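Notes for the one structure printed next.
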Protein chains: 2
Amino acid sequence: MNNADSPNEPRPTRKVTAAMVAAHAGVSTATVSLVANGKSAGRVSKRNEERVREAIRELGYYVDSIGSSLARGVSSLVILVAPDISNPFFAKLIAGVRGVLGEDYQLLLSVTDAGLSPSATEIRRLLGLRPAGLLVHAPTPLFLSELSSPLPLIALDAPDAPENIPSVNFDVLQGAHDVAAHLAAQGHRRVGYLDATTGTATLRMRREAFLSAAAQLGMQVPAVAVSSSTIEMGDAAATFAAHWEEWKESGITALACATDTHAYGVLQAASTTGVQIPQDLAVTGFDDLPFSTASHPSLTSVRLDAHSVGVQAAQALRQLIDGTPLKESKLQLSSQLIVRASSGGTQ
Amino acid sequence: MNNADSPNEPRPTRKVTAAMVAAHAGVSTATVSLVANGKSAGRVSKRNEERVREAIRELGYYVDSIGSSLARGVSSLVILVAPDISNPFFAKLIAGVRGVLGEDYQLLLSVTDAGLSPSATEIRRLLGLRPAGLLVHAPTPLFLSELSSPLPLIALDAPDAPENIPSVNFDVLQGAHDVAAHLAAQGHRRVGYLDATTGTATLRMRREAFLSAAAQLGMQVPAVAVSSSTIEMGDAAATFAAHWEEWKESGITALACATDTHAYGVLQAASTTGVQIPQDLAVTGFDDLPFSTASHPSLTSVRLDAHSVGVQAAQALRQLIDGTPLKESKLQLSSQLIVRASSGGTQ
DNA sequence: CTGAAAGCGCTTACAG
DNA sequence: CTGAAAGCGCTTACAG
């Protein structure tokens with residue numbers, strides 16, 4: 001019955017277009033576009049500007065990003081590509097990114113399968129979105145090469161990123177070195193290392209830096225006491241259980257883990273098998289996840305400032321998008337050793 | 001000097017369009033579109049189909065999703081709107097969703113500020129992307145009303161979603177009831193509850209269900225022993241520390257927590273203040289995060305099957321997108337009590 | 001300051 | 001089976 005437009009209710013049924021706003025305000029769509037995008041200064045008369053704003057309000061108009069993206073050749077999307085967002089690390093990083101991006105860009109996350117870079121198909125689909133920029137966590141060389149088109153991109157936590165790819169990294173070298181120095185200072189002479197099976201550059205550097213620092217500090221690392229597991233507590237626990245006897249025989253008194261998650265698994269397995277931490281074995285993690293204060297014993301770890309990484313990466317990306325050349329294409333944020341009970345430090 | 005096209009190298013410089021493919025294959029863009037979208041069956045000759053495929057391969061063409069979305073009025077994006085993706089829960093849920101969506105839709109996450117639903121502006125921007133469907137975690141009524149346009153949407157973990165919004169939920173009532181029953185069976189007569197300050201429906205139901213079950217089972221819940229904190233370990237620990245003396249005086253022997261994270265904070269604070277868990281106080285969580293096997297003591301909790309929720313939600317969403325009416329608009333997945341040491345159950 | 005018009009890349013009736 | 005053409009909603013030279 002009542003099919004007539006009711007003047008007061010914006011009808012949500014039909015999409016409101018710039019043309020409708022233009023008609024309503026008695027101007028052209030060009031003018032609507034200018035006003036809606038805040039580009040009206042000095043190009044639209046006060047009177048028309050006011051009319052358009054009014055019409056936008058009344059009709060509930062908003063710029064359609066699809067149409068806009070097509071016309072401009074690029075969207076206002078910033079896509080964060082990350083493998084394992086369940087890491088609390090990412091929540092902080094994202095908060096940092098969002099703060100910098102503000103209303104200007106829209107942040108969306110693309111989650112890849114566990115520990116993997118996106119497939120070629122996924123990359124195409126991402127590029128099909130015409131993002132204004134990409135933030136990529138620990139990209140593989142393959143990923144970077146398949147990207148081909150040169151859009152603004154910042155790599156995160158990617159110490160191996162090629163020279164021409166700007167990246168924001170943690171100083172894991174320092175962190176790994178600090179762990180080794182701490183263990184040496186506690187009097188350990190033979191130590192083990194529990195690595196992650198996923199071979200990202202960060203994790204490789206953590207191991208290499210630890211092993212070389214250990215050697216420099218005069219600590220032995222028996223080959224049998226270097227092992228690895230996936231970044232899952234259960235898997236790390238099983239690995240510990242399977243290897244503890246031979247590790248013990250090898251004479252190690254401390255075990256450095258590639259991540260806190262690994263260390264949690266070790267603590268758990270140690271507790272069920274009656275291995276005393278830190279008396280029988282000192283244990284350290286890396287990442288300083290929130291749980292590390294609650295584990296038993298609390299876990300010595302290396303703290304990384306995820307929020308700062310997010311902020312710095314987003315700032316750099318914005319510069320790239322704006323066409324400003326970056327002063328430094330490689331940023332490095334310091335890491336900090338947090339000593340807790342698991343390494344026989346303070347409680 | 002060399003500005004001529006080299007025939008073998010696809011030039012990444014210029015975007016490959018359907019028109020270029022059409023020219024290359026000697027057909028119209030309509031034909032290219034048909035082939036590229038797999039809609040060629042019975043509409044394109046074998047010969048042309050082959051030519052187009054060849055051209056697509058040679059030029060490295062892929063359908064531009066912006067152009068396609070504009071023409072079709074909808075994109076192939078499925079957007080998952082979630083507040084706190086650092087919950088390990090989400091990684092599993094996402095894996096479930098991705099499996100069901102496959103190559104047909106592109107999953108992207110939109111992260112809102114901690115514990116908040118997206119703002120009206122953010123919702124507009126989301127809708128501006130013309131998503132094929134939305135998956136929304138614990139949407140507020142406000143969010144749902146601001147959405148206005150009726151696009152395919154499934155609410156997750158939203159027991160309070162209105163009748164007309166399909167949702168996939170956990171049976172938190174059962175879970176909360178099981179916790180209460182377990183504590184009653186252990187002989188507890190006076191118990192406390194540590195709630196979350198964020199007032200999502202799930203959390204409200206957890207509390208209400210627990211309190212009512214406790215009452216039914218003849219357990220007292222002193223008013224002084226019902227408190228709340230944010231979903232952060234540190235905050236929960238501080239809350240415990242601040243209240244423990246009066247809780248003790250109130251005579252409670254068990255504390256049910258709204259989430260595992262709360263419980264971790266309690267365990268931590270208890271350990272530093274010398275409160276024995278479970279001897280002095282039995283503690284339970286909710287969510288069964290991975291760390292709950294590694295905490296000290298290990299944490300009794302309620303396991304929720306995040307992967308299944310992802311699968312079911314994605315399946316329901318696909319039905320909605322396809323226009324198939326849902327058989328049941330409310331799905332509920334069972335939850336399961338996992339008894340561990342913190343409640344004096346098994347080790 | 002303003003609007004008509006071209007164009008972004010695609011899809012889809014439509015006519016043949 | 002095929003292609004010319006309209007149209008999706010917007011932006012941006014361009015001419016006035």
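Being a predicted model, the structure only gives us computed values, none of them experimental. A note on names: the letters A, B, ... follow the listed sequences, proteins ahead of strands, and every chain is numbered from 1.
Every side-chain contact (heavy atoms from CB on, under 4.5 Å) that Ser33(B) has, sequence neighbours left out, goes to Asn37(B). The side-chain hydrogen bond (donor to acceptor under 3.5 Å, both in side chains) test applied to Thr31(A) returns Ser28(A), not counting sequence neighbours. For Val311(A), the side-chain contact (heavy atoms from CB on, under 4.5 Å) criterion is met by Val100(A), His307(A), Gln315(A), not counting sequence neighbours. With sequence neighbours left out, Arg57(B) forms a side-chain hydrogen bond (donor to acceptor under 3.5 Å, both in side chains) with no residue at all. With sequence neighbours left out, the side-chain hydrogen bond (donor to acceptor under 3.5 Å, both in side chains) criterion links Thr29(A) to no other residue.
Residue Asn48(A) places none of its side-chain N or O atoms closer than 4.0 Å to OP1 or OP2 of dC1(C).
Whole-Å rounding puts the Lys15(A) NZ to dG9(D) P distance at 7 Å. For the pair Met20(B) CE and dC10(C) C1', the computed distance is 15 Å after rounding to whole Å. If you measure from atom CD1 of Ile56(A) to atom C1' of dG9(D), you get 14 Å, rounded to the nearest angstrom. Remark: C1' of dC10(C) and CG of Leu70(A) are 8 Å apart, rounded to the nearest angstrom. In this entry the distance linking CZ of Arg130(A) with C1' of dG9(D) reads 14 Å, nearest Å. dT2(C) atom P lies 12 Å from atom NZ of Lys46(A), rounded to whole Å.
Heavy atoms of Arg47(B) sit nowhere under 4.0 angstrom from any nucleic acid atom.
In this structure, Ser40(B) and Asp64(A) both approach DNA chain D, and ranking their closest nucleotides by distance from the 5' end singles out Ser40(B).
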> Which string of ( ) [ ] | and . matches DNA chain C, if you list each base 5' to 3' and count Watson-Crick or G-U pairs only when both distances are under 3.5 Å?
Replying inline: |||.||||||||.|||
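No donor-acceptor pair under 3.5 Å is formed between the side chain of Arg51(B) and the backbone N or O of Val27(B).
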Show me the side-chain donor-acceptor pairs of residues 150-166 of chain A shorter than 3.5 Å, one per line, residues at least two apart or across chains.
residue	atom	partner	partner atom	Å
Asp157(A)	OD1	Thr202(A)	OG1	3.0
Asp157(A)	OD2	His137(A)	NE2	3.3

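In Lys92(A), the NZ atom is not crowded: 12 or fewer heavy atoms of neighbouring residues, nucleotides or ligands sit closer than 6.0 Å.
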> Tell me, for nucleotides 11-16 of chain C in 5' to 3' order, what letter each nucleotide earns: B for a base near a protein heavy atom under 4.0 Å, S for only sugar-phosphate near one, - for neither?
Replying inline: SB----
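Rounded to a whole angstrom, the distance from the C1' atom of dT12(C) to that of dG16(C) is 16 Å.
Each salt bridge (charged side-chain N to carboxylate O under 4.0 Å, His left out) pair with one or both residues in residues 63-77 of chain A, not counting sequence neighbours, appears once here: Lys15(A)-Asp64(A), Asp64(A)-Arg130(B).
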